[in-house]
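Following: one structure in structure tokens, then a few remarks.
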Number of protein chains: 2
Amino acid sequence: MDGRLSQASQDYLKIIYKLASQYGRATTSQIAENLEVKPASVTNMLQKMAQIEPPLVRYKKHQGVSLTPAGEEAALEMLRHHRLIELFLHEILGYPWDEVHEEAERLEHVISEKMERRMAEVLGNPMRDPHGQVIPSHDLELTATTEFPLSELRPPQRAVIRRVHDEDADLLRHLEQLGLLPQATLTVFKHVSFDGNLHIKLDDQDEPIVLGTQITSQVFVDFVAGPQLP
Amino acid sequence: MDGRLSQASQDYLKIIYKLASQYGRATTSQIAENLEVKPASVTNMLQKMAQIEPPLVRYKKHQGVSLTPAGEEAALEMLRHHRLIELFLHEILGYPWDEVHEEAERLEHVISEKMERRMAEVLGNPMRDPHGQVIPSHDLELTATTEFPLSELRPPQRAVIRRVHDEDADLLRHLEQLGLLPQATLTVFKHVSFDGNLHIKLDDQDEPIVLGTQITSQVFVDFVAGPQLP
DNA sequence: AGTATAATTTAGGCAAGACTAAATTCAATA
DNA sequence: TATTGAATTTAGTCTTGCCTAAATTATACT
Ligand SMILES: [Mn+2]
Ligand SMILES: [Mn+2]
Ligand SMILES: [Mn+2]
Ligand SMILES: [Mn+2]
């Protein structure tokens, strides 16, 4: 009613956006689980969000919700804030990539449009966050990407890492230690069909490494043409 | 009760700290005016803040409040956050010094101790914010200062600007345009007792400038010895 | 001392956003 | 089609922090 959305609403919108991108819609219990609140609280909140002007979600009893244009815009705004902040913390303040999320989670609701713009400028209007997730543009367009799981590669394919799963700090630390970072290029030289293990070599490392599917399913790549340049 | 103070409590503590520094204690109506809430709301809040464990304020009906050690620590923590953020916005994100306050006002409640430390390191563990206000140290000590109003200088005294009043954006823009910034050194060469005007010359400028008391009372300086070096 | 005025406190409410417990609806299966 | 378990919604509370209106206290002046 005062134009500004509450932090709680913004958190609901973010998770609804994510769930709806994945499943078409978001259910009460999915939202409850993600936000760590009880389902009854979610129902209550969704009904409010559907009734304000303009409505943020389309809500019909027992059918889950999806975002209205207004809701989607607000969700993308938070997504841009979140990912810009993550990159800023990493690049400018030297945060390790497994420690940026929590801080961004709080800051995203609080920064002004000016600060968003200044951070983007200092960072060179970046396209992706430290984990490779695409940052919505200034006007909240989200460019489509083509990356797919590393686990789908077969020898002798070559690829560049675009993005990694960003919700498991242990995984992130492990990936960093292995050198599995966005931008890294690699060649697959062996696939073991029994356990799904993939033997790869990173272009900028000498030793090959062997990766289980727990890892390869969480690293997303694009094909890259040609052999490694010497 | 969960260890973390609400944003509202933190705002109360900040303003109580400021008022108590100035007047020894803070009254209900002073706090209400500064926070733009009604006095009844303040009374209510003060009673809560006096009753939690540990108490944040000493409260006695009709006598105003002062901070307990716990309250003062929390207030200094906010002060450190606020001033570090102001400097960070100015130095790293290029904010003009008259636009840093609002943003800092929101961010100060939200940054982690880690982010506080990282910002301080990137800034070289600074002592003062963009307006020259002293930043409490990491362990929340506030070093004493000796500065006094520029309006008290008389020719041919020389001084260095340490701090300027930071609560009037128009004044800040005007001071910047005049070159009246912290660190600037100057010589007073004329005082007009009728209107209090002060004629000064900044060391790094050629033209002298004339300042009314509206300005000279809001700029704080320390004496500096000797003549301007060529 | 007695009274007007200002400051403060009390009392009662409201909105947001969470919770628990109980009721309802859906969907799968017998 | 009837049953049943899971998901969802409803109903009623709670806490935080604000509000207005009314009561009270302090202060200053005659
Ligand atoms: Mn934005
Ligand atoms: Mn990320
Ligand atoms: Mn701190
Ligand atoms: Mn300042």
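FYI, side chains are in, hydrogens and waters are out, and symmetry mates aren't considered; it's all heavy atoms of this structure.
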[X] [atom1] to [N] [atom2], straight-line distance once rounded to whole Å:
X: His109(A); N: dG17(C); atom1: NE2; atom2: C1'; value: 14 Å
X: Leu5(A); N: dA15(C); atom1: CG; atom2: C1'; value: 16 Å
X: Glu33(A); N: dA7(D); atom1: CD; atom2: P; value: 10 Å
X: Lys60(B); N: dA26(D); atom1: NZ; atom2: P; value: 12 Å
X: His62(B); N: dA7(C); atom1: NE2; atom2: P; value: 13 Å
X: Gln51(A); N: dA15(C); atom1: CD; atom2: P; value: 14 Å
X: Ile31(B); N: dA7(C); atom1: CD1; atom2: P; value: 14 Å

Is there a side-chain contact between [X] and the phosphate of [N], meaning an N or O under 4.0 Å from OP1 or OP2?
X: Gln63(B); N: dA26(D); answer: no
X: Ser29(A); N: dT8(D); answer: yes
X: Lys61(B); N: dT10(C); answer: yes

Would you indicate what Thr28(B) reaches in the nucleic acid, counting non-hydrogen atoms under 4.0 angstrom: base, sugar-phosphate, or nothing?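 Since only primed, P, OP1 and OP2 atoms lie under 4.0 Å of Thr28(B), the category is sugar-phosphate.
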Glu116(B) vs Arg83(B), salt bridge (charged side-chain N to carboxylate O under 4.0 Å, His left out): CA-CA, chis, key distance, verdict: CA-CA 11 Å; Glu116(B) 174 199 316; Arg83(B) 292 175 183 173; over 6 Å; no
Let me have a per-nucleotide readout for nucleotides 14-21 of chain D, 5' to 3', with B, S or -, counting only protein heavy atoms under 4.0 Å. ---BSBBB
Can you give each donor-acceptor pair under 3.5 Å made by side-chain atoms of residues 32-56 of chain A, sequence neighbours left out, with the distance rounded to 0.1 Å?
| residue | atom | partner | partner atom | Å |
| --- | --- | --- | --- | --- |
| Asn34(A) | ND2 | Gln30(A) | O | 2.9 |
| Thr43(A) | OG1 | Pro39(A) | O | 3.4 |
| Gln47(A) | NE2 | Tyr59(A) | OH | 3.3 |

cation_pi(Arg163(B), Phe220(B)) dist<6.0 Å, angle<=45: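 Yes - Arg163(B) lies over the ring of Phe220(B), closer than 6.0 Å to its centre and within 45° of its axis.
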As a test of understanding, state which of Arg80(A), Lys14(A), His81(A), Gln7(A) forms a side chain to side chain donor-acceptor pair (under 3.5 Å) with Glu108(A).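 Filter result, single survivor: Lys14(A).
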Show me the pairs that pass ring pair (Phe, Tyr, Trp, His ring centres under 6.0 Å) and involve residues 99-130 of chain A, at least two apart or across chains.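 Ring pair (Phe, Tyr, Trp, His ring centres under 6.0 Å) check on residues 99-130 of chain A returns His82(A)-His101(A).
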Over 60° means perpendicular and under 30° means parallel, so tell me whether Phe223(B) and Phe148(B) are parallel, tilted or perpendicular.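 The rings of Phe223(B) and Phe148(B) sit tilted, inter-plane angle from 30° to 60°.
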Lys61(A), NZ: over 12 other non-hydrogen atoms inside 6.0 angstrom: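 Check fails, neighbour count at 12 or below.
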